[in-house]
Amino acid sequence: MSTETTTFTTTDAALTRDEMAKIVAADIPAGAFVNLGIGQPTNVSNFLTAEQGVTLHTENGMLGMGPVATGDDIDEDLINAGKIPVTELPGASYFHHADSFAMMRGGHLDVCVLGAFQVSGGGDLANWHTGAPGAIPAVGGAMDLAIGAKATWVMMGLFTKTGESKLVEALTYPVTGLGCVSRIYTESAIFELADGTVTVRSTHGITFEELAERLPVELVKAA
Amino acid sequence: MSTETTTFTTTDAALTRDEMAKIVAADIPAGAFVNLGIGQPTNVSNFLTAEQGVTLHTENGMLGMGPVATGDDIDEDLINAGKIPVTELPGASYFHHADSFAMMRGGHLDVCVLGAFQVSGGGDLANWHTGAPGAIPAVGGAMDLAIGAKATWVMMGLFTKTGESKLVEALTYPVTGLGCVSRIYTESAIFELADGTVTVRSTHGITFEELAERLPVELVKAA
Amino acid sequence: MAPRIAATAAEAVANIHDGATVMIGGFGNAGQPMELIDALMDCGATNLTVVNNNAGQADAGLALLIKERRVAKVICSFPRQSDSWHFDEAYRAGELELELVPQGNLAERIRAAGAGIGGFFTPTGYGTMLAEGKETRVIDGKGYVLETPINADFALIKALRADELGNLVYRKTARNFGPIMATAAKQSIVQVSEIVSTGSLDPENVITPGIFVDTLVTIGGNN
Amino acid sequence: MAPRIAATAAEAVANIHDGATVMIGGFGNAGQPMELIDALMDCGATNLTVVNNNAGQADAGLALLIKERRVAKVICSFPRQSDSWHFDEAYRAGELELELVPQGNLAERIRAAGAGIGGFFTPTGYGTMLAEGKETRVIDGKGYVLETPINADFALIKALRADELGNLVYRKTARNFGPIMATAAKQSIVQVSEIVSTGSLDPENVITPGIFVDTLVTIGGNN
């Protein structure tokens, strides 16, 4: 699950959201138990193959979650953490909220994929609260998800609308979890984080050198 | 469950074990959830009536335990905490060990009836370990049972073989639980314990005055 | 004690008093005891502390209780949603206290209350705003926050089916907070689609044993 | 990952190594994975720490492991029994370390390990010999002891039935420690009477989700 031997690659164009989701999906080891956060990470499920045999966890109490339900399959008692009706796969199981979060907190899930406002080079994650004055905070399962799985991966845009890097030296947004992120997927690059070192696995529509210039953290190019 | 208005009574003869068990059974409120410890307390179940609607808990993971199993009803997967084969009543449920002890520790059982080596006037209980040199200790569920239920009742002989009182000012045996016992049933008397006061509800084969002389704790006679 | 069977939701919630702490099950619409919440609205109890995953949505249920200022405090993980306007307004007006708890800690604190645990060290939230003012400890190199149990006077729960002893089964992800809230409240009030005769539920499949259920009411019955 | 299906008990336990901590399910004979324990005996692993409710009985199973001095330490609640002679001898000879834990604390500590809890305050054992040297705290006037999680390398468990994904159901009071031990061990090795096809178990009734199961072996099959 950690940084296997990675070879640096580069492509001319930035990744689309589907391309990002497809890469994340391909990186998930066969047979893994995975929680996909709300938003972009949910899209990863569309690119998992049956051969991978990945089991999806939803923190509202289910393993073996299937695709989004449509038409007659919609059942208000069967929803995911984003409150979207989903389906049940053969071999599924249901459990209560304490057992569900115990499963997560106890380190039983292999991978959790989350969105983020910011990630630090040390793997600190900010994704729950803008910290803006007057903003009403809501945390949900964000903090549990951040620190629970064996590996926490982030999918995010690398830059804010105003062009600032969301991969930062130190978080300016409120912390969700410390030192928990080990991989970041963005449209412009994919990063591996380990022991304070940020390794660039690939760049997309940008060269390693350009990236190194724009980001406020020291980058290592994968071999 | 606590000392309702009690009227002092006395009988000429000491209580037999069955008489003690019958009195305990009659004292259990209708509809109560009860755990009966190993030994004398187990005998209480023989005197519970169907009308009482008492539900028995066994800490190895069951509510709705029925009588001891005999003949073809013996099932090695269905035993009580004393490892005796038992039966299942309609409306029973099974759960794992952590849930079972959570049920107890969380104060959900109404009454727990236990044996004892000693009880102090303040309700401290000793029933798990003689503390003798070389004795191998074994605690089982004793400490959980002592402090878990809403009311903990003890059934014991009032005197040791050498005639010393087992109702004591301060325990000389190792503690099982502090301040947990609210009622003691013995062959010679029944005691209510509350806030450091020991009230004698009844005597059997002994007068209140004789009892007061033999016991090392101050006794109050029920009105 | 076999649970009281209430004829109506109004009768089921009639003894909820001003100032009570009320847990309300459900995650999204799944497992939300809507009829019991409506009855709580009608019964007039005020100055409530509500424990729920959210803080009301749109113009129904908990949102209405908040709109009418019947709720003094909400303990939840995810108050702000696109349609949480009544919460937003009451909170911004300073007329509603909010205790924001990560969802897994919320579940574990509810479980702890039911299980008689005095507090526990959880890694979730360590190093974040939500741990401010709380005791923390580093155990084996990992940071933990001390969290305390959340008890309640009442729990409002939706289950699928009960037997006459109050044993419950749930349906799919509607199980969520129900089983743990039932253990943490002094009185659990449960709406079900049907009440079946004792002995109809397989003891292996009971999710909430009847010991945790005080009041049952049948609602609808179309599940 | 779907569990490995071992052809024999010997194959199932083959990777248990010297010095491993091994949890063994069962309470009395109910849920005791006798064939796996026998296989552990045959596989030769030594210097083991064993977590079990007892410390072996008569001349079989765990008692034989202790007799052969393959066990360096036992963590249990009730070691001394009428037929625990091998334990008694090894313990008196100072050749076996004993950590005696009240049964409910044992269960809760195992659960805590599986749930990622760093420690918890329990009332059980407060003021007793078994709390000596442990941190204590008075919370709301009640005394508590801080207890720590018990993790293991392996768990040996007996369940009734598994599907191919490792979802488990148990039988009656044979459930006992199985579900929590499965969560607390790095590898859970489970003997079952039969393995059924995926989709054969009702997702509502799964007691141990397959995520907690690593190895399955079919034994007997007469339950």
Side-chain angles (χ1 to χ4, degrees), chain A residues 38 58-63 65 69 75-88 92-107 124-126 128-131 134-148 171 173-180, chain C residues 25-32 53-55 57 76-81 84 87-88 91-92 98 100-112 114-115 122-131 142-143 158 160 170-183 207-208 223:
Chain A
I38 296 170
T58 181
E59 60 266 34
N60 52 320
M62 183 188 194
L63 273 173
M65 179 172 65
D75 179 338
E76 68 167 12
D77 285 343
L78 181 47
I79 60 176
N80 66 15
K83 296 169 185 169
I84 309 292
V86 291
T87 52
E88 168 190 300
S93 56
Y94 296 102
F95 28 83
H96 64 57
H97 242 79
D99 279 351
S100 185
F101 280 83
M103 192 180 284
M104 195 144 59
R105 195 193 312 109
D124 299 343
L125 171 68
W128 76 283
H129 187 24
T130 62
I136 298 176
V139 64
M143 292 182 180
D144 305 275
L145 289 159
I147 58 97
L171 301 181
Y173 284 80
V175 176
T176 304
L178 296 175
C180 55
Chain C
F27 181 92
N29 287 326
Q32 189 172 199
N53 190 57
N54 302 106
Q57 293 177 257
C76 74
S77 87
F78 207 79
R80 180 183 38 77
Q81 300 189 74
S84 63
F87 167 82
D88 297 4
Y91 178 74
R92 289 215 160 94
L98 169 65
L100 188 70
V101 186
Q103 197 170 148
N105 287 355
L106 182 65
E108 190 70 11
R109 290 175 65 187
I110 294 167
R111 182 208 174 257
T122 170
T124 303
Y126 181 78
T128 76
M129 268 172 57
L130 298 187
K142 188 168 175 176
K158 182 181 177 181
L160 173 62
Y170 298 81
R171 189 164 177 277
K172 302 188 185 282
T173 58
R175 186 183 302 190
N176 58 67
F177 285 95
I180 49 174
M181 286 182 171
T183 70
I207 302 300
T208 292
N223 261 330

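Neither the backbone nor the side chain of Tyr170(C) comes within contact range of chain A; no heavy atoms are under 4.5 Å apart. With a threshold of 4.5 angstrom between heavy atoms, Arg111(C) approaches chain A through side-chain atoms but not through N, CA, C or O. Of the two parts of Gln81(C), only the side chain, counted from C-beta on, holds a non-hydrogen atom closer than 4.5 Å to a non-hydrogen atom of chain A.
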(message) Using side-chain hydrogen bond (donor to acceptor under 3.5 Å, both in side chains), reason through Lys83(A) and Asn54(C) one step at a time and then give a plain yes or no.
(response) CA-CA 12 Å; Lys83(A) 296 169 185 169; Asn54(C) 302 106; 3.1 Å; yes

(request) Determine, stepwise, if the pair Glu108(C) / Arg105(A) fulfils side chain to side chain contact (heavy atoms under 4.5 Å, CB included). (result) CA-CA 11 Å; Glu108(C) 190 70 11; Arg105(A) 195 193 312 109; 3.6 Å; yes

(request) Could you please spell out the steps behind the salt bridge (charged side-chain N to carboxylate O under 4.0 Å, His left out) verdict for Arg171(C) and Asp75(A)? (result) CA-CA 11 Å; Arg171(C) 189 164 177 277; Asp75(A) 179 338; 2.6 Å; yes

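Among the candidates Gly177(A), Gly141(A), Pro137(A), the residue making the largest number of heavy-atom pairs closer than 4.5 Å to chain C is Pro137(A). Most heavy-atom pairs under 4.5 Å with chain C, from the set Met62(A), Glu88(A), His129(A), Met143(A): that is Met143(A). Chain A forms more heavy-atom pairs under 4.5 Å with one residue of Ile180(C), Val101(C), Leu100(C) than with any other, namely Leu100(C). The choice from Phe95(A), Tyr94(A), Trp128(A), Phe101(A) that makes the most heavy-atom pairs within less than 4.5 Å of chain C is Tyr94(A).
The distance between the ring centers of Phe177(C) and His96(A) does not fall below 6.0 angstrom.
A search for salt bridge (charged side-chain N to carboxylate O under 4.0 Å, His left out) contacts involving Arg109(C) returns Glu99(C), Glu147(C), not counting sequence neighbours.
Taking both residues in full, the closest heavy atoms of Ile147(A) and Thr124(C) are given as CD1-OG1, 3.6 Å, listed atom of the first, atom of the second, then distance. Scanning both residues, Pro79(C) and Ile136(A), for their nearest heavy atoms gives CG-CG2, 4.5 Å.
Remark: side-chain polar atoms of Arg175(C) are not paired, donor with acceptor, to backbone N or O of His97(A) under 3.5 angstrom.
Shown are Asn60(A), Leu78(A), Val86(A); of these, the side chain to side chain contact (heavy atoms under 4.5 Å, CB included) with Lys172(C) is made only by Leu78(A).
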